[in-house]
Amino acid sequence: MAAGKSASLLDVARAAGVSLATASRVLSGSGYPVSAETARKVISAAERLEYQPNMLARNLKRQRSDVAGLVVRDMANPYFLEITRGVTERGNQLGLMIIICNTARDARVELEYHEMLWEHQVGGIILAGGGRRGADFRNALTRQAERFRTKGRPLVALAPQGIDLPGVMVDNRRLGRMLTEHLLGLGHAEVAFIGGPEDVVTSYERYLGYRDALRDAGIPESPHLVRWESFIWDGGYRAAVSLVEAGARFTAVCVSNDSMALGCLQALKERGMRVPEDVSVAGMGNLPFAEYSSPALTTAAIPLYDMGARAVDLVNQAMHGESLPERSVLLDPVLVERASTGPSPGR
């Protein structure tokens, strides 16, 4: 074997003095009857030659992969860290390797990742983060999902994508409603909403829940109290600054995630507004830092780790020929009331 060249299965077979088929049976763990002495020779030769199996070729041969892809929309956002932990730890338990792809919320990059994962014969793709509301992205995702589905390799969603996919996710509309109802129940009639990008399905559904709660309470929606920003600390900060500098009157803010809520808290503090005495602030997610903010953040708990783990189970089921539900399982969020929300100042 030439220097620097990786050993092939044929090299192992020749070194062990067995046929290629026999070497393959031993190293693949196929269960085909082979004598203990023959197995020992093959394994010894493989170790001596530092043989590394070609996993892609093996997957192609048996029409099954031990790899799944996790497409994350923004790895800089702490929201996705718990999801990623759930996916990777459950994958490890099942013997699956997880390829993590960070799109930085670039739809073009995401679709390119889909192509690369398809070429690598992954067993399925898990989508972490909401899809885009535009028709172009929705149509492209529909085509990708159908192509994967025909090969028994599903796209599994952890957030709404604008199309029907199997998955596990929180009811985002219920999430927005729950936090808004909490603020209304404290006597706040002027509730602002800070959302992520308006064209992201997750963000828009949370806004719809906010709007539903106002309508049911008989409070007209005020467009000047709604802000759309990026799903990060800076986005919450900029949105709160915009509300204050525009002279908007509000006594509470419903914020689309905990990171944005912390940015909102900082902006209000810098402008001399006390939380919750002057303004109540509620986030979404119940990320680990939420209870340690100042004041501790009222939020809604989302089972991010479990969502990620359960998504891996769905991919694994599909890889073993089991059918999956066409629609996602919707989980209810749980309100976690802390010190950042209190009675309306005029109550």
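On a predicted model such as this, the values are computed, not experimentally measured, just so you know.
A distance-only check finds a donor-acceptor pair linking the side chain of Asn102 to the backbone of Met75 [under 3.5 Å]. Put simply, the side chain of His188 gets close to the backbone of Gly342: a donor and an acceptor are under 3.5 Å apart. No donor-acceptor pair closer than 3.5 Å links the side chain of Thr299 to the backbone N or O of Val336. No side-chain donor-acceptor contact under 3.5 Å links Arg132 to the backbone of Arg138.
Counting only heavy atoms from C-beta outward, the side chains of Arg105 and Val200 approach each other to under 4.5 Å. Side-chain contact check for Thr38 versus Lys41: every heavy-atom pair is 4.5 Å or farther apart. Contact of the Leu304 side chain with the Val170 side chain is not registered, since no non-hydrogen atoms from C-beta on lie closer than 4.5 Å. Counting heavy atoms from C-beta on, the side chains of Thr88 and Ile100 come closer than 4.5 Å. Considering only heavy atoms from C-beta on, Asp258 comes within 4.5 Å of Phe289 through its side chain. Contact annotation: the side chain of Leu179 approaches that of Leu335 to within less than 4.5 Å [non-hydrogen atoms, C-beta and beyond]. Counting heavy atoms from C-beta on, the side chains of Arg310 and Leu314 never come closer than 4.5 Å. Taking the side chain as every heavy atom from C-beta outward, Cys254 and Met284 approach each other to under 4.5 Å.
The side-chain contact (heavy atoms from CB on, under 4.5 Å) test applied to Trp233 returns Tyr237, Leu262, Gln266, not counting sequence neighbours. With sequence neighbours left out, the side-chain contact (heavy atoms from CB on, under 4.5 Å) criterion links Gln161 to Arg73, Leu127, Leu141, Ala157, Ala159, Ile163, Leu165. When the side-chain hydrogen bond (donor to acceptor under 3.5 Å, both in side chains) test is applied to Thr103, no partner is found at least two apart in sequence or on another chain. Under the side-chain hydrogen bond (donor to acceptor under 3.5 Å, both in side chains) criterion, Thr150 pairs with no residue at all, not counting sequence neighbours. Legend: residues meeting side-chain contact (heavy atoms from CB on, under 4.5 Å) with Leu10, ordered by chain and number and at least two apart, are Ser8, Arg14, Leu20. In this structure, the salt bridge (charged side-chain N to carboxylate O under 4.0 Å, His left out) partners of Glu115, at least two apart in sequence or on a different chain, are Arg147. Residues passing the salt bridge (charged side-chain N to carboxylate O under 4.0 Å, His left out) test with Arg40 are Glu37, sequence neighbours excluded. The salt bridge (charged side-chain N to carboxylate O under 4.0 Å, His left out) test applied to Asp332 returns no partner, not counting sequence neighbours. Residues meeting the side-chain contact (heavy atoms from CB on, under 4.5 Å) test with Ala246, sequence neighbours left out: Arg227.
Residue pairs meeting the salt bridge (Lys or Arg N to Asp or Glu O under 4.0 Å) criterion with at least one partner in residues 271-286, sequence neighbours excluded, are Arg274-Asp278. A side chain to side chain donor-acceptor pair (under 3.5 Å) check over residues 288-298, counting only residues at least two apart or in different chains, returns the pairs Thr298-Thr341. Within the structure, every pair that satisfies the salt bridge (Lys or Arg N to Asp or Glu O under 4.0 Å) test and touches residues 74-90, not counting sequence neighbours, is listed here: Glu82-Arg85, Arg85-Glu89, Arg90-Asp313.
Atom CH2 in Trp228 sits 6.5 Å away from atom OH in Tyr204 (nearest 0.5 Å). For the atom pair Tyr113 OH and Ile125 CD1, the distance stands at 12.0 Å (nearest 0.5 Å). Atom CG of residue Asn286 and atom CZ of residue Arg338 lie 4.5 Å apart, to the nearest 0.5 angstrom. Rounding to the nearest 0.5 Å gives a distance of 5.5 Å between OH of Tyr210 and CG of Leu225. Thr180 OG1 to Arg211 CZ: the interatomic distance, rounded to the nearest 0.5 Å, is 12.0 Å. Between atom CG of residue Asp216 and atom CG of residue Leu184 there is a gap of 10.0 Å, rounded to the nearest 0.5 Å.
Ser280 and Leu183 make their closest contact through CB-CD2, 4.0 Å (heavy atoms, listed as atom of the first residue, atom of the second, distance). Pairing each heavy atom of Leu70 with each of Ala128, the nearest pair is CD1-CB, 4.1 Å. Here the closest heavy-atom approach between residue Pro295 and residue Leu265 is recorded as O-CD1, 4.2 Å. Closest heavy-atom contact between Ser256 and Phe231: CB-CE2, 3.7 Å. Ser344 approaches Gly187 most closely through the heavy-atom pair CB-O, 3.4 Å. The two residues Gly162 and Val201 make their nearest non-hydrogen contact at N-CG2, 4.1 Å.
Here Arg238 does not pair with Glu245 in a salt bridge; the nearest charged N to carboxylate O distance is not below 4.0 Å. Looking at Arg143 and Glu146, no side-chain N of the basic residue comes within less than 4.0 Å of a carboxylate O on the acidic one, giving no salt bridge.
Ring planes of Trp118 and Phe148: perpendicular class, angle over 60° (limits at 30 and 60°).
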Do Ile98 and Ile126 pass the side-chain contact (heavy atoms from CB on, under 4.5 Å) test, and can you show the C-alpha distance, the side-chain angles, and the key distance before you say yes or no?
CA-CA 10 Å; Ile98 307 297; Ile126 298 169; 5.6 Å; no
Could you walk me through whether Met116 and Ile99 pass the side-chain contact (heavy atoms from CB on, under 4.5 Å) check?
CA-CA 11 Å; Met116 287 188 279; Ile99 299 176; over 6 Å; no
Determine, stepwise, if the pair Val312 / Gln93 fulfils side-chain contact (heavy atoms from CB on, under 4.5 Å).
CA-CA 10 Å; Val312 177; Gln93 292 169 2; over 6 Å; no
Stepwise side-chain contact (heavy atoms from CB on, under 4.5 Å) test for Met260 and Ile232:
CA-CA 5 Å; Met260 298 181 79; Ile232 57 176; 5.9 Å; no
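Val334 and Tyr79 fall into different hydrophobic clusters, where Ile, Leu, Val, Met, Phe, Trp and Tyr residues are linked whenever their side-chain heavy atoms come under 4.5 Å apart, directly or through other members. Residue Val253 is grouped with residue Val244 when hydrophobic side chains (ILVMFWY) are merged at heavy-atom distances under 4.5 angstrom, including chains of intermediate members. Put simply, Tyr305 and Val156 are part of two different groups of oily side chains (I, L, V, M, F, W, Y) that touch within less than 4.5 Å, one to the next. Val87 and Val329 end up in the same hydrophobic cluster when Ile, Leu, Val, Met, Phe, Trp and Tyr side chains are linked at under 4.5 Å. Taking hydrophobic clusters as Ile, Leu, Val, Met, Phe, Trp and Tyr residues chained together by side-chain heavy-atom distances below 4.5 Å, Leu324 shares a cluster with Leu96.
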